[in-house]
Asks: 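Starting off with a structure, shown below.
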Amino acid sequence: MTENNQPVIELRQVNKHFGDLHVLQDISLTVKKGEVVVIIGPSGSGKSTLCRAINRLETIDSGEILFEGEPLPREGKELAQMRAKIGMVFQSFNLFAHRTILDNITLAPCDVMKASKKNARQEAMRLLERVGVADQAGKVPAQLSGGQQQRAAIARALAMHPKAMLFDEPTSALDPEMIGEVLNVMTELAQDGMTMLVVTHEMNFARRVADRVIFMDGGRIVEENTPEAFFSNPKTQRAKGFLSSVRMQDREL
Amino acid sequence: MKNATIREFLYEAPGPKTRKRVFWLTAAAMLLLMGLLLMVVHRFYVTGQLSGRYWAFFGKATTWRFLGQGLLVTVEAAVTGALISFALGFLLMRGRLQKNLLLRWISTGVIEFTRGVPTLLFIYFFFLVVPQTGWKLSAFWKITLPCAISACGVVAEALRGGVNAVPRGQTEAALCLGYRETKLFYRIVFPQAIRFVIPSLIAELVIVLKDTTFASIVSCADLMQNAKVLISNYDALLSIYLVVAVIYILINFLLNRLSDRLAKRTSQPGAAERRAA
Ligand SMILES: Nc1ncnc2c1ncn2[C@@H]1O[C@H](COP(=O)(O)OP(=O)(O)OP(=O)(O)O)[C@@H](O)[C@H]1O
Ligand SMILES: [Mg+2]
């Protein structure tokens, strides 16, 4: 893993409310180049909101979000260009339903980066090969399994040559037998040195791949540590409780 | 549910008992209809409407040519009117979805106004008021324009419904890839929205077609107007109205079939792509 101390994503004292609900409370967080940071926490703790704020899909009330040292632009062309550099993978895939898998990958490079159709196609096929769904290129999303769709969605994000990737529970909507194939793609991506911020409930993935684990609860970062330290010896009562409840669920499965 | 129609989705497949009941109900309904038909024919017979002089002129080619010319004008007016209403409706829908408050208000106002006012009023406006302003319009446009204007608000709302039905995640995914509003709308949202609204658009085409039967008010020689000429020539009201009604029903039936086919084709995403492959 390439260790480099340059921060790619940086949040400083970020606050966000939904009405009376204080969803993000003084969140400060840095993801350095090539780092994989996993965010875990109970439902409603603000993990998705945090992810979406980095892409400005949600606006924030106060604080600062920097990407590659620059504050996030507020609107217009600059914002769009910044977003293009941050890949996003959603829980529900969100592939473009009216286009084939191949089109899904080539659409943005052609429309946004003005890539030539031919180059975009070649690159798309390479990416589809890499995530293992090249044989599905001519189908539309609805014809693919969830795991295939999510891998195609990762390829779609990679086609923009992002400087960092955000994953918001990428495997939560998948059947158990498909979770592995998506996690494998993500693991390879991490090994290739991609800067990643991953919201997930997959503790084994966090343990194996993460450089750092962040535990969120009630809109706050409650604990931040290496995976070894966090999983073997959580410092706070809340993290202990959360981990034991997750382990209980795993045993039930 | 990939290949299921809405009907299959809403209702389970009928069991043997249900099927039997459906059979008997259908039979009873058919009998009732046939009885009614017989009664109508009988009344025609008794009142002399079946006598040769009311029907003989349908054997002449000129009658059909005359009706055909009218039909052509009707179809032209309906198609032109519908296309104009789609274009206006599209603009109004875009206006109503803008961030700019003024544009939004104007569009909403126009939409509500055209939806609230009956077509006939628009036709009288073009027939009586417009000529006084010195704007010279042919009879064709005097019927086509009001029909289009009367339909555009409904079209705008149908299109807006389609746009709003496209899942939010599609927009978010595109934003994350660096799309900006306009391109995002034309490349990602609208192509999906149009699939939802094709049936409503064809329904609107049928309404425009029916509205053009007011053409005789502005003496535009459409099917209805020519039928009226025939009626006064041959003094045969019932037989001609009957034939003309059948023609209208036939066209609208065909349009509805077209709508079903289009809806079926486009509701399965990828069907078109598969055919092309
Ligand atoms: N658009 C919104 N409007 C109002 N409240 C919202 C909105 N989005 C999220 N919330 C609320 O904000 C809180 C945090 O939501 P968020 O989706 O960030 O949680 P999460 O940690 O991702 O949870 P989960 O594990 O269930 O995905 C929740 O209580 C949620 O109900
Ligand atoms: Mg979430």
Side-chain angles (χ1 to χ4, degrees), chain A residues 48 51-52 54-58 75-114 136-144 152-153 156-162 165-166 168 173, chain B residues 1-6 8-9 97-101 159 161-199 201 262-277:
Chain A
S48 296
C51 244
R52 293 161 56 81
I54 294 170
N55 248 329
R56 217 181 153 80
L57 288 180
E58 305 283 356
E75 60 196 343
K77 194 174 170 186
E78 294 74 27
L79 175 61
Q81 283 170 347
M82 182 73 79
R83 277 176 173 154
K85 288 191 234 168
I86 312 174
M88 176 98 175
V89 176
F90 300 86
Q91 182 175 345
S92 48
F93 330 132
N94 294 343
L95 287 172
F96 301 131
H98 62 309
R99 293 303 196 109
T100 63
I101 296 300
L102 184 63
D103 287 348
N104 262 275
I105 320 289
T106 58
L107 220 49
C110 292
D111 284 350
V112 177
M113 293 198 305
K114 312 287 175 221
Q136 313 289 326
K139 294 188 183 166
V140 288
Q143 294 174 295
L144 270 62
R156 176 176 68 178
L158 290 177
M160 298 300 284
H161 303 288
M165 292 274 287
L166 309 173
D168 186 9
Chain B
M1 223 233 345
K2 241 174 251 171
N3 294 311
T5 63
I6 292 200
E8 289 160 30
F9 182 61
L97 291 175
Q98 290 299 314
K99 290 205 188 86
N100 183 309
L101 203 62
L159 290 174
V163 166
N164 287 337
V166 176
R168 176 82 195 142
Q170 299 282 307
T171 303
E172 289 185 350
L175 284 176
C176 289
L177 290 166
Y179 274 90
R180 296 183 60 192
E181 260 162 72
T182 308
K183 205 161 216 177
L184 197 159
F185 180 79
Y186 287 104
R187 298 286 281 171
I188 308 294
V189 176
F190 194 64
Q192 296 188 56
I194 197 77
R195 299 182 168 193
F196 299 134
V197 296
I198 283 174
L201 292 185
L262 281 176
K264 211 172 209 168
R265 179 188 297 197
T266 50
S267 69
Q268 290 165 244
E273 289 86 346
R274 271 201 301 284
R275 247 191 315 282

Asks: Using the side chain to side chain donor-acceptor pair (under 3.5 Å) criterion, which residues pair with A:R56? Sequence neighbours excluded.
Replies: none

Asks: Please round to the nearest 0.5 Å and tell me the distance separating atom SG of A:C110 and atom CG of A:D103.
Replies: 9.0 Å

Asks: Output all residues satisfying ring-ring contact (aromatic ring centres under 6.0 Å, His included) with B:F190, sequence neighbours left out; order by chain, then residue number.
Replies: B:F90, B:F185

Asks: Do the side chain of B:K183 and the main chain of A:D111 share a donor and acceptor less than 3.5 angstrom apart?
Replies: yes

Asks: Answer with side chain, backbone, both or neither: which region of A:F90 has an atom nearer than 4.5 Å to a non-hydrogen atom of chain B?
Replies: side chain

Asks: If you count heavy-atom pairs within less than 4.5 Å of chain B, which of A:K77, A:K85, A:Q81 leads?
Replies: A:K77

Asks: Any idea which of A:A108, A:S92, A:P162 has the most non-hydrogen atom pairs under 4.5 angstrom with chain B?
Replies: A:A108

Asks: Quick one: of B:P191, B:A174, B:P167, B:A173, who has the most non-hydrogen atom pairs under 4.5 Å with chain A?
Replies: B:A173

Asks: Flag the one option from A:L107, A:V89, A:L79, A:I86 with the top tally of heavy-atom pairs under 4.5 Å to chain B.
Replies: A:L107

Asks: Taking A:R99's backbone N and O only, do any of them form a donor-acceptor pair with A:N104's side chain (distance below 3.5 Å, no angle check)?
Replies: yes

